[in-house]
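Here's the structure we're looking at; comments come further down.
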6 protein chains.
Amino acid sequence: MKPSLINATIPLDQDGVHHGFLQLPHSRDESAWGLMMIPLTVIQNGEGKTALLTGANHGDEYEGPIALQELALTTRVEDVSGRLIIVPAFNYPAFRAAKRTSPIDGGNLNRAFPGSPDGTITQKIADYFQRHLLPLADVAVDFHSGGKSLEFLPFAAAHILDDKALEQQCFAAMEAFNAPHSVQLREIDNAGMYDTAVEEMGKVLVTTELGGGGTSTARSNAIAKRGLHNVLIHFGLLQGKMERQPSTLLTMPDDGSYHFSTGEGLIEPMVDLGEAVATGDVIARIWPVDRTGVTPAECKAKSDGLVIGRHFPGLIGMGDCIAVVGVPSD
Amino acid sequence: MKPSLINATIPLDQDGVHHGFLQLPHSRDESAWGLMMIPLTVIQNGEGKTALLTGANHGDEYEGPIALQELALTTRVEDVSGRLIIVPAFNYPAFRAAKRTSPIDGGNLNRAFPGSPDGTITQKIADYFQRHLLPLADVAVDFHSGGKSLEFLPFAAAHILDDKALEQQCFAAMEAFNAPHSVQLREIDNAGMYDTAVEEMGKVLVTTELGGGGTSTARSNAIAKRGLHNVLIHFGLLQGKMERQPSTLLTMPDDGSYHFSTGEGLIEPMVDLGEAVATGDVIARIWPVDRTGVTPAECKAKSDGLVIGRHFPGLIGMGDCIAVVGVPSD
Amino acid sequence: MKPSLINATIPLDQDGVHHGFLQLPHSRDESAWGLMMIPLTVIQNGEGKTALLTGANHGDEYEGPIALQELALTTRVEDVSGRLIIVPAFNYPAFRAAKRTSPIDGGNLNRAFPGSPDGTITQKIADYFQRHLLPLADVAVDFHSGGKSLEFLPFAAAHILDDKALEQQCFAAMEAFNAPHSVQLREIDNAGMYDTAVEEMGKVLVTTELGGGGTSTARSNAIAKRGLHNVLIHFGLLQGKMERQPSTLLTMPDDGSYHFSTGEGLIEPMVDLGEAVATGDVIARIWPVDRTGVTPAECKAKSDGLVIGRHFPGLIGMGDCIAVVGVPSD
Amino acid sequence: MKPSLINATIPLDQDGVHHGFLQLPHSRDESAWGLMMIPLTVIQNGEGKTALLTGANHGDEYEGPIALQELALTTRVEDVSGRLIIVPAFNYPAFRAAKRTSPIDGGNLNRAFPGSPDGTITQKIADYFQRHLLPLADVAVDFHSGGKSLEFLPFAAAHILDDKALEQQCFAAMEAFNAPHSVQLREIDNAGMYDTAVEEMGKVLVTTELGGGGTSTARSNAIAKRGLHNVLIHFGLLQGKMERQPSTLLTMPDDGSYHFSTGEGLIEPMVDLGEAVATGDVIARIWPVDRTGVTPAECKAKSDGLVIGRHFPGLIGMGDCIAVVGVPSD
Amino acid sequence: MKPSLINATIPLDQDGVHHGFLQLPHSRDESAWGLMMIPLTVIQNGEGKTALLTGANHGDEYEGPIALQELALTTRVEDVSGRLIIVPAFNYPAFRAAKRTSPIDGGNLNRAFPGSPDGTITQKIADYFQRHLLPLADVAVDFHSGGKSLEFLPFAAAHILDDKALEQQCFAAMEAFNAPHSVQLREIDNAGMYDTAVEEMGKVLVTTELGGGGTSTARSNAIAKRGLHNVLIHFGLLQGKMERQPSTLLTMPDDGSYHFSTGEGLIEPMVDLGEAVATGDVIARIWPVDRTGVTPAECKAKSDGLVIGRHFPGLIGMGDCIAVVGVPSD
Amino acid sequence: MKPSLINATIPLDQDGVHHGFLQLPHSRDESAWGLMMIPLTVIQNGEGKTALLTGANHGDEYEGPIALQELALTTRVEDVSGRLIIVPAFNYPAFRAAKRTSPIDGGNLNRAFPGSPDGTITQKIADYFQRHLLPLADVAVDFHSGGKSLEFLPFAAAHILDDKALEQQCFAAMEAFNAPHSVQLREIDNAGMYDTAVEEMGKVLVTTELGGGGTSTARSNAIAKRGLHNVLIHFGLLQGKMERQPSTLLTMPDDGSYHFSTGEGLIEPMVDLGEAVATGDVIARIWPVDRTGVTPAECKAKSDGLVIGRHFPGLIGMGDCIAVVGVPSD
């Protein structure tokens with residue numbers, strides 16, 4: 001396979017706090033010999049584990065970039081044992097465009113792994129992480145939220161894996177993150193995900209869904225920051241004492257969790273995030289946008305549980321996800 | 001002045017529940033002889049006052065359209081004394097496009113009054129309300145929220161007016177609406193506003209800011225529906241008993257309420273909606289989007305009070321409104 | 001009023017065949033000091049009437065431009081008595097863009113009269129015709145077809161006017177045109193129309209609807225060419241013998257002619273252009289585009305007559321004109 | 001090869017009339033966890049052959065979707081012996097956008113076979129038909145028309161194949177379809193075509209060109225519906241008697257059938273669809289769009305025959321197909 | 001007339017160096033309560049004249065913004081006698097978009113005077129300068145270059161005016177600017193120009209054309225900076241000694257200076273900027289873009305002189321300005 | 001591998017001057033059965049070498065297309081010994097759009113080799129040259145300039161190759177071209193380049209950078225024409241005497257030649273093309289675009305030498321190439 005055209009402007013393996021960029025050639029109409037420059041901070045202090053910390057895998061999700069900008073700015077080299085590799089805006093072009101996917105090639109970075117060194121920009125970024133950064137890491141924290149089209153109850157997540165030893169490490173890291181809710185996920189279709197790339201390399205992955213709607217709040221950012229510190233303390237990378245708060249463990253039954261719209265219109269939520277629903281309850285109504293006097297369509301809950309995710313924009317399209325119902329694990 | 005080219009497909013002055021449209025010719029590339037059809041419901045029962053009820057004056061604000069769709073569908077003629085004229089999507093093209101302004105002519109309907117019968121589509125809509133619907137009304141309720149770029153604590157509002165008799169009626173209607181917060185507004189620049197058009201005609205206006213972000217919730221819709229019923233009961237248009245809950249009266253001092261960004265970047269809110277700030281507190285920080293290791297800019301509160309409005313998207317531009325601070329009135 | 005910035009590169013009042021342009025400054029991002037150049041031919045031979053001949057008033061209608069290009073190319077000065085002013089592409093930017101309206105300013109030229117010398121490009125063109133070309137003319141022929149969104153049975157038309165003497169001249173010219181169908185039109189809303197500008201100046205106007213769909217055929221072009229020659233012979237501008245064919249006179253009753261869609265979907269015409277319908281017949285059905293197994297909406301004829309116009313594209317939107325029903329006059 | 005992410009919401013193999021969708025995940029900026037839902041009807045009654053019936057392979061061709069919507073709505077289970085799999089909008093995103101190709105990925109579905117389960121949306125659709133639906137079928141009917149840029153005399157077609165036994169079945173099915181014209185086609189470049197996918201699997205394919213211009217008519221839809229019923233009766237899937245009308249067999253000689261434009265301009269057709277031309281006849285003239293007084297370019301027939309296809313829009317570009325000339329087979 | 005909604009964030013009439021903004025409300029889809037902020041520096045020291053200094057009247061012209069940014073940064077209050085009002089980016093939205101005209105409303109600021117307080121953004125900027133800033137000024141320097149579509153020999157210019165006393169002051173200021181070339185201009189169409197607004201108020205105006213192509217060079221910026229200093233010294237606003245270099249006076253005869261393209265294609269300049277041409281010389285050739293083997297069109301000089309302006313992009317459109325020929329004045 | 005769908009409308013191997021096209025099917029929404037037609041001239045006279053001559057590999061570079069249009073038009077068959085294959089617009093869609101890359105598929109032709117017969121349009125063009133035209137050639141001349149985003153001192157270039165015999169032939173051809181400057185290049189990343197495709201086939205390649213900014217001048221075109229004639233004489237393809245002028249040999253040290261922007265803003269060049277810089281000299285300053293009173297960022301030279309390339313547009317983005325510094329050899 002060809003070498004990656006990406007290189008870092010700072011050393012990845014020297015003690016100290018280094019701020020720089022991942023650079024990749026991006027020849028385009030506006031800049032024939034231009035570079036794309038993805039912000040990068042590496043903080044290393046002696047031997048120890050390596051954490052690879054990423055935000056904005058989807059470009060319209062903001063808790064990760066904020067928590068990681070703060071970490072990169074405020075962490076002193078003496079706070080660390082080992083190495084932090086911090087990339088606040090993983091899919092950088094998407095982040096700059098405030099979009100889920102890359103405006104350059106339409107790429108969903110979380111479906112682009114393992115990537116390719118001579119593919120699209122998104123594939124080149126994936127390839128560099130696959131072949132150059134992930135091999136350096138022991139643990140990866142990848143921050144997600146709902147983005148502009150979805151909103152979630154804040155939760156940390158880890159995957160149910162065939163490798164049960166790794167699974168246990170991931171669950172432990174998720175618990176350390178200590179978000180208000182925690183979810184053990186089984187992905188139906190994990191092809192191309194960064195998560196899968198991390199786990200197949202035998203590394204620990206923690207991921208999150210911390211809010212959504214294309215915004216963040218003081219509260220959601222606090223969850224991200226606390227979780228990040230807790231995980232880094234858990235792995236011995238930072239010193240200090242974990243802040244612990246109650247966290248609810250949730251599961252998502254395969255069938256009945258996901259509710260999709262079979263029409264389009266003006267969506268009226270009948271239950272808010274975090275509220276309980278019973279099977280058959282109306283979760284949302286869909287009103288027509290072009291006339292009055294017509295009874296709205298109803299979306300009814302297919303299972304008992306809590307609404308842990310919901311459609312965010314005021315209008316909804318056919319096939320859009322209306323709500324996700326999770327079940328508290330006791 | 002020329003006659004309006006808009007006409008209603010249903011009678012405006014006959015007893016009964018009528019669902020129809022405001023029709024206006026809209027010749028365009030895609031439809032040479034096409035009409036625009038704005039949904040309209042008129043419910044009349046005998047003599048009485050007339051309420052003109054509008055949502056989606058800005059097309060990305062959803063509590064109004066939802067409350068009005070429900071009112072239009074569920075109100076029986078015998079529930080009414082007088083007349084309800086219901087237009088759930090006032091700037092209909094903007095509503096269909098999920099945008100604040102019209103995708104056809106860029107028009108901000110709330111700056112387009114008194115409009116013009118031979119102007120743009122937005123101006124034609126304004127003109128029809130100015131000359132044909134408003135003269136029929138005694139009271140107008142116009143629903144607003146923050147839209148995609150702002151989010152508000154839910155409040156109803158009425159304007160401080162030179163005509164103190166009218167002002168008192170407006171304040172009384174605002175109180176009847178009974179949102180969790182109520183605001184007495186003094187507009188700096190009210191030129192072209194629908195509000196001004198209503199008030200200058202000597203009619204009562206109630207307006208709101210009920211949420212924002214381009215979404216709605218079960219909770220924000222409930223506030224809209226309750227407020228709408230309360231106001232209609234207040235004016236004798238509907239029978240029944242008003243639902244009352246505690247409401248906080250807020251004022252916005254001219255100076256110190258509005259906080260604007262003097263740079264662009266990734267916004268980190270340091271205080272959430274509804275929380276108290278003291279003068280000098282950091283309301284938000286603005287991180288750079290293109291590099292790490294740089295101290296963020298800070299936006300500090302210019303007055304004591306509650307955060308009653310905030311910038312919604314995760315990125316912020318120069319000159320965008322970061323926050324609005326209101327002062328509880330005692 | 002300011003002088004027009006448009007000038008002709010050829011003389012308008014000298015004997016001979018002159019090919020040139022109407023030039024107007026069009027400063028824009030792509031060409032700071034650029035000109036727009038609208039093709040123009042003037043053919044003059046001594047004294048006589050003046051005909052002002054225009055195509056592509058709407059830029060996606062093609063019979064006019066073709067008939068006028070041929071006339072400009074093939075007419076010898078000795079064929080003419082008087083003067084022909086030929087503008088094959090009246091709304092030139094719209095014609096180049098193959099659109100009904102101008103891509104520069106969105107202007108519908110046929111709603112832009114009397115125009116303005118310092119308005120948009122469309123308004124400047126209207127103003128130049130209003131103040132400079134129309135005053136030179138005795139008769140104006142303005143070719144129309146259905147454009148991309150409509151299709152018509154081929155007809156020539158003249159307006160029912162208050163000035164009955166002028167009306168008679170217009171009807172006579174329409175008969176001379178001798179399209180397969182002829183229509184006496186009463187415009188509901190004639191504000192801004194070129195037709196109105198011509199007639200208010202006391203000039204004879206003949207207009208047409210010769211086909212549509214954004215195409216032309218050998219047959220529809222032949223109708224345009226024959227009609228054009230006939231009219232010019234009728235006014236003594238060209239010599240020769242008119243070609244006469246049977247023509248049916250049609251009227252459009254105010255009520256019942258126009259059928260608009262009250263929904264959107266996949267349109268299935270149930271009757272073709274030129275076919276007879278009786279009141280209550282299904283003219284078209286509208287199938288949903290997003291599901292199967294649903295009964296289509298029906299559009300039923302509101303009067304007896306012939307289908308003389310129809311919606312062209314395969315999909316239809318709310319408020320689009322489905323069909324126009326005309327009534328043969330006996 | 002990976003499994004397809006597409007699944008049907010209804011059973012493909014149970015007796016009865018089932019209306020539903022083909023669902024595929026379509027994560028995008030507007031809907032992070034959204035589905036695309038392609039309408040599908042399956043009608044099965046006991047044992048028998050299976051017909052796979054598709055419209056809108058190119059999204060701007062309408063006879064197929066209309067005939068198939070009607071078939072899906074009106075066919076009773078007891079009318080059928082075997083199974084009908086009906087997909088009125090094969091390239092569904094293209095159909096919704098009224099475009100030949102997909103607005104999502106630019107894909108021409110009829111060049112996308114055999115597709116790929118992890119490619120673009122268009123490739124995913126192709127793959128699902130290739131691996132899941134086509135193997136169930138005995139006969140495929142795929143409706144085409146000229147779309148927005150071409151117009152055809154209505155014909156059914158079957159391919160000249162190396163497998164002469166299959167060819168005979170295809171010719172027989174084409175004759176059963178009984179369009180006004182029938183064409184035995186030899187594709188020059190059949191790579192990626194759905195037709196090729198069908199035939200290489202040893203299944204019978206009937207395809208059509210029934211009109212064009214991005215519209216349909218009562219007449220062209222009647223041809224589609226009659227042909228569809230005839231073919232289904234021919235294969236024993238429906239009962240009843242075929243409606244037969246005269247049909248002309250046409251051939252297209254390799255050389256001389258296709259006429260391409262070597263310039264751009266305003267096209268004037270000199271011969272209409274269905275009319276005869278002799279070698280050297282002028283089929284069309286191309287006038288300049290930017291000046292008058294210039295002799296138009298001429299396109300002359302390269303062979304004797306009938307004009308069976310033509311360029312539709314009023315303007316033409318370099319390399320566009322002006323006309324197709326077919327030769328009646330005696 | 002309504003008050004302007006624009007206000008300055010810094011005082012316009014206090015001694016010192018003040019950096020700030022002109023602020024105007026710009027409610028739009030992306031920022032409901034947003035402001036536009038146009039950078040502004042005011043440097044005042046006691047009594048004296050006032051100079052109003054503007055760059056980027058057209059947003060793709062760069063010498064002005066660069067010279068004015070440097071002046072704003074480096075001028076000390078003690079260097080000044082009187083007042084400098086510095087606006088490096090006059091049409092600020094156009095400047096940010098690197099376009100001649102505003103991306104918001106398409107406005108060409110230099111055709112928007114006297115503007116309007118409730119018009120488009122461009123009109124609001126013009127109105128504020130017309131009513132608030134120009135009345136404060138004694139002299140205005142407005143920097144221009146060719147922008148992306150034109151390139152000029154560097155020259156300063158002043159207008160031939162009816163007010164001969166003012167004309168002399170303008171000519172003297174132009175000479176003080178001391179660009180390599182100087183041009184006495186007679187505008188054909190000066191309606192709406194900033195220049196006209198300045199001159200009609202009886203103020204001195206100096207304008208320039210210093211280069212073009214959408215770029216600047218060290219050399220063209222040096223001309224701008226030297227000219228700016230010279231003019232400010234000339235009016236006693238700055239102290240110091242003017243730098244003088246030889247300057248050639250040019251005139252543009254009404255007829256024969258401007259050469260426009262009567263076709264479109266690939267432009268081959270045959271003479272470069274600053275070179276002499278004689279009447280009949282080929283200034284440029286226009287090659288076809290779609291074929292080889294065709295003789296190019298030629299544009300021949302209509303007068304003797306120097307090429308002082310030229311079309312910049314490699315392709316040229318109909319009506320574009322190919323070249324401007326000036327005549328050295330002896 | 002599949003056969004190419006491209007074919008030439010003229011013979012490639014017959015004596016004479018032939019003007020025609022490379023034709024490739026380009027089915028698209030606007031033209032279902034359309035062809036793309038790339039202009040081509042072949043001039044052959046008996047035995048001899050073959051030169052493959054290409055311009056507009058990047059579509060916004062104009063010296064090549066102009067020199068090759070002239071060569072194709074003016075070369076008589078008797079002037080030639082051997083064969084010239086002339087393609088003035090190699091990436092034809094990019095050339096028509098005045099863009100570096102193809103507007104159809106975003107393809108950078110100079111990164112698309114060896115291409116693919118069933119890939120995108122850009123890949124199909126590359127494949128046809130790779131498999132059909134390059135094998136016919138002995139020498140290839142491929143013209144480049146800076147395009148819209150860069151500007152260069154005019155130079156011809158040849159690559160430092162492992163095959164030293166070929167390298168010598170390339171250097172000799174570069175010297176024959178005799179541009180004002182000559183550069184021996186070592187590409188860091190030559191994957192996908194046309195240059196690499198030529199050289200790996202053992203053919204001689206000469207390439208150039210002759211100016212830029214998206215324009216050409218009489219001077220830059222003269223360099224292209226002279227160089228082209230000299231190279232053809234050098235290879236015995238044309239007769240005559242080479243025009244020789246002094247040429248400076250330049251080298252680009254790996255480190256220190258390329259200067260990239262680490263911010264965005266308004267660029268002020270401090271040194272012009274062709275001027276000398278010493279290490280540490282300020283090459284350019286970057287001013288903010290959104291405020292005044294801020295010290296600009298500086299870009300300092302990393303080596304001594306001449307500025308041989310520079311950023312062209314007036315605004316600059318992060319990662320854009322500010323300048324290239326070359327070192328005169330010996």
Side-chain angles (χ1 to χ4, degrees), chain E residues 17-21 37 39-41 60-63 65-73 86-89 92 95-98 145 148 151 213-221 266-273 275 284-285 287-296 310-315, chain F residues 17-21 37 39-41 60-63 65-73 86-89 92 95-98 145 148 151 213-221 266-273 275 284-285 287-296 310-315:
Chain E
V17 175
H18 298 92
H19 301 297
F21 300 93
M37 299 176 77
L40 165 75
T41 292
D60 56 353
E61 302 173 6
Y62 296 102
E63 286 81 5
I66 287 168
L68 293 173
Q69 276 280 25
E70 189 181 76
L71 187 77
L73 181 70
I86 304 171
V87 183
Y92 182 70
F95 172 69
R96 290 302 302 267
S145 290
K148 289 188 173 175
E151 187 182 27
T215 191
S216 72
T217 62
R219 177 171 177 265
S220 69
N221 289 322
L266 169 67
I267 185 168
E268 179 185 3
M270 303 301 285
V271 190
D272 282 335
L273 268 190
E275 293 183 347
R285 304 197 295 186
W287 294 91
V289 288
D290 60 357
R291 62 197 68 223
T292 50
V294 175
T295 302
R310 72 170 193 113
H311 179 78
F312 192 79
L315 301 185
Chain F
V17 175
H18 299 93
H19 300 298
F21 300 93
M37 298 175 78
L40 166 74
T41 291
D60 56 353
E61 303 174 3
Y62 295 101
E63 287 80 3
I66 288 169
L68 293 173
Q69 275 279 24
E70 188 179 77
L71 187 78
L73 181 70
I86 304 171
V87 183
Y92 182 70
F95 172 69
R96 290 303 301 270
S145 291
K148 290 186 171 177
E151 187 182 27
T215 191
S216 73
T217 62
R219 177 170 178 265
S220 68
N221 289 321
L266 168 67
I267 184 168
E268 178 185 3
M270 303 301 284
V271 189
D272 282 335
L273 268 191
E275 292 182 348
R285 303 197 295 185
W287 293 91
V289 288
D290 59 358
R291 62 196 69 221
T292 50
V294 175
T295 302
R310 71 171 193 113
H311 180 78
F312 192 79
L315 301 185

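Hydrogens, waters and symmetry mates play no part in the numbers below; they use all other heavy atoms, side chains included.
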Taking side chain as everything from C-beta outward and backbone as N, CA, C, O, which of these in F95(F) sits under 4.5 Å from a heavy atom of chain E? Side chain, backbone, both or neither.
both
Relative to chain E, which of A98(F), S216(F), P313(F) shows the most heavy atom pairs under 4.5 Å?
S216(F)
Run the side-chain contact (heavy atoms from CB on, under 4.5 Å) check on L73(E) and T292(F) step by step: do they pass?
CA-CA 7 Å; L73(E) 181 70; T292(F) 50; over 6 Å; no
If one checks every heavy atom of N221(F) against chain E at 4.5 Å, the contacting part turns out to be side chain
Sorted by chain and residue number, the salt bridge (Lys or Arg N to Asp or Glu O under 4.0 Å) partners of R285(F) (sequence neighbours excluded) come out as E70(E), E268(F)
Verdict with reasoning, H311(E) to T215(F), per side-chain contact (heavy atoms from CB on, under 4.5 Å)
CA-CA 9 Å; H311(E) 179 78; T215(F) 191; over 6 Å; no
Just to verify, what does E63(F) make a salt bridge (Lys or Arg N to Asp or Glu O under 4.0 Å) with, not counting sequence neighbours?
none
Okay, P88(F) and chain E: the region with an atom under 4.5 Å from a heavy atom over there is side chain
Please determine, among V271(E), T41(E), L315(E), the option with the most heavy-atom pairs under 4.5 Å with chain F.
L315(E)
Does any N or O in the side chain of D272(E) come within less than 3.5 Å of the main-chain N or O of T217(F), such that one atom is a donor and the other an acceptor?
no
Any idea which of I66(E), L40(E), L68(E) has the most non-hydrogen atom pairs under 4.5 angstrom with chain F?
I66(E)
Whether the side chain of Q69(E) engages the backbone of P296(F) through a donor-acceptor N/O pair (distance < 3.5 Å, no angle test) should be reported.
no
For I267(F) and Y62(E), run side-chain contact (heavy atoms from CB on, under 4.5 Å): C-alpha distance rounded to whole Å, both residues' side-chain angles, the deciding distance at 0.1 Å, then the answer.
CA-CA 9 Å; I267(F) 184 168; Y62(E) 296 102; over 6 Å; no
Proximity breakdown for T295(F) and chain E, heavy-atom pairs closer than 4.5 Å:
both
Which bit of V294(F) comes within less than 4.5 Å of chain E, counting heavy atoms only: side chain, backbone, both or neither?
backbone
Chain E contact via L273(F) - which portion, at a heavy-atom distance below 4.5 Å:
neither
Region of L266(F) that comes under 4.5 Å of a non-hydrogen atom in chain E
side chain
Check step by step if side-chain contact (heavy atoms from CB on, under 4.5 Å) holds for R96(E) and V289(F).
CA-CA 7 Å; R96(E) 290 302 302 267; V289(F) 288; 3.4 Å; yes
Which bit of F312(E) comes within less than 4.5 Å of chain F, counting heavy atoms only: side chain, backbone, both or neither?
both
